[in-house]
Amino acid sequence: MELPNKGTILILPAVSSANVPQLAIDLLVHSFRIPFYSLLDHGGLLYPFAGPREDPAPLENDASARVPKSGIASSLEVYHNSSVTCLIQRAPTLPASRNLFISKVLLPFIQQNKFSKVVLLSSTDASRRSDPGGQKVISISLYDRSFQGISTPTILDLSRKIAKLSVDEATPQPEYEEYALPSRLPGSGITLPFLKAAVQNNLPALSIILYAYEGDNFADAYYMAELTLDALAIGSPPAWTPPPSWEGVYGKKPKVGLEHGIYG
């Protein structure tokens, strides 16, 4: 698929622990009102998915933006404007299909559209980490030293070490700390094979990986969205706007008070 705007920033999720990356990208799409562009053909490498789609409201000063309308959500969708492209993946890869999904779907899409930056959001199972008191975020940047946000070695510096699942040390920033890439990130989906493919194909990739527990992860989604903007040196939106469907995820909040309490 060829997009009308080349050189945008691509943000994509790994379907991973607690679905934090998917929630974060939903939050970014609706808060910045990035319009729906198209479904992306995944070649049958993702589980089938269909449901009602929630398009973000168009910008008030953008006459060319599409009017929000109901549609069908699918396993893989593209939201796109002149500066940012977001992939929303709503279903995991089929068994033994991760590398095929990367090589046959993601890499051609990335290379054809010449994205200036590729940001992979991911999460890993916090209940299975060996250092429960450690940092909450792992950041891995394959940018050169001119990248604004995180100072890291160049792609050439990393190309040999990434094959051994390690990363050179870099100067930590306030919100991040550079880690040696673990040999395993439980529940992180395509994260490790995607990073290896990014090095092999010289992609300007950044991955933000959050340790997360299953449960109510809306707060983690807001946190990951903020981390993404910080890494890209983009300001926060005037107001965060979650999708309307978030209101009913955990049911309605119980009313309290004399007239609407538990026995009201």
task: Compare every heavy atom of S236 with every heavy atom of F32, then report the nearest pair and how far apart it is.
output: CZ-C, 4.3 Å

Considering all heavy atoms, the nearest T93-Y47 contact: O-CE1, 3.5 Å

Nearest non-hydrogen partners of R98 and G189, listed with the distance: NH1-O, 3.3 Å

message: Can you tell me how far apart OG1 (T241) and CG (L28) are? Round to the nearest 0.5 Å.
response: 11.0 Å

query: Between S122 and I209, is there a donor-acceptor pair closer than 3.5 Å when you use the side chain of the first and the backbone of the second?
result: no

Backbone N/O of Q112 and side chain of E2: donor-acceptor pair under 3.5 Å: no

- prompt: Do S16 and S123 meet the criterion of a side-chain donor-acceptor pair at a distance under 3.5 Å?
  reply: yes

message: Contact between L106 and I190 at the side-chain level, heavy atoms closer than 4.5 Å - yes or no?
response: yes

message: Would the distance check show the side chain of T124 and the main-chain N or O of P186 forming a donor-acceptor pair, the cut-off being under 3.5 Å?
response: yes

query: Does the S83 side chain pair with the main chain of T8, one donor and one acceptor, at a distance under 3.5 Å?
result: no

- prompt: Stepwise, does the side-chain contact (heavy atoms from CB on, under 4.5 Å) test hold for F109 with L12?
  reply: CA-CA 12 Å; F109 178 70; L12 69 156; over 6 Å; no

Within-4.5 Å side-chain heavy-atom neighbours: S17 and E214: yes

message: Quick check for you: to the nearest 0.5 Å, what is the distance between E54 atom CD and I88 atom CD1?
response: 10.0 Å

message: Can a donor-acceptor pair be found, under 3.5 Å and without considering hydrogens, that links the side chain of S116 to the backbone of G7?
response: yes

message: Let me confirm one number: the CG-OG distance from L3 to S82, rounded to the nearest 0.5 Å.
response: 12.0 Å

- prompt: Can you tell me if D220 uses its side chain to pair, donor with acceptor, with the backbone of A24 under 3.5 Å?
  reply: no

- prompt: Hey, does H80 have a side-chain heavy atom less than 4.5 Å from the side chain of S38?
  reply: no

query: Side chain of E77, backbone of L39: donor and acceptor closer than 3.5 Å?
result: no

query: Heavy-atom distance under 4.5 Å between the side chains of V15 and L46, does that happen here?
result: no

Point-to-point distance, once rounded to the nearest 0.5 Å, from OH of Y79 to CG of D26: 7.5 Å

query: When clusters are formed by joining ILVMFWY residues with side-chain heavy atoms under 4.5 Å apart, either directly or through shared neighbours, do F36 and L27 land in the same one?
result: yes

- prompt: Under 4.5 Å between any side-chain heavy atoms of Y223 and V137, yes or no?
  reply: yes

query: Given the rule that I, L, V, M, F, W and Y join up when any side-chain heavy atoms are under 4.5 Å apart, are W240 and L121 in one cluster?
result: yes

- request: Report yes or no: do F49 and L40 belong to one cluster of Ile/Leu/Val/Met/Phe/Trp/Tyr joined by side chain heavy-atom distances under 4.5 Å?
  value: no

- request: Treating Ile, Leu, Val, Met, Phe, Trp and Tyr as nodes and any side-chain heavy-atom pair under 4.5 angstrom as an edge, say whether I208 and F218 lie in one connected cluster.
  value: yes

- prompt: Sub-3.5 Å donor-acceptor pair from the side chain of Q22 to the main-chain atoms of Q89, do we have one?
  reply: yes

- prompt: For the atom pair OH (Y37) and SG (C86), what is the distance rounded to the nearest 0.5 Å?
  reply: 15.0 Å

- prompt: Out of curiosity, does Y213 fall in the hydrophobic cluster containing L227 (side-chain heavy atoms, cut-off under 4.5 Å, transitive links)?
  reply: no

query: Is L107 close to L203 at the side-chain level, that is, under 4.5 Å between some pair of heavy atoms?
result: yes

query: Side chains of L94 and L100: closer than 4.5 Å at any heavy-atom pair?
result: no

message: Taking the side chain as everything from C-beta on, heavy atoms only, tell me whether V84 gets closer than 4.5 Å to L232.
response: no

Minimum heavy-atom distance between V78 and M1, given as atom pair plus value: CG2-SD, 4.1 Å

task: Rounded to the nearest 0.5 Å, what's the gap from CZ on F194 to CG on N201? Could you check?
output: 9.5 Å

- line: Scanning both residues in full, the closest heavy-atom pair of A18 with A212 reads CB-CB, 4.1 Å

- request: For side-chain contact (heavy atoms from CB on, under 4.5 Å), just list the numbers for I11 and I25, CA-CA rounded to whole Å, side-chain angles, deciding distance to a tenth of an Å, and then say yes or no.
  value: CA-CA 8 Å; I11 306 174; I25 292 185; 4.0 Å; yes

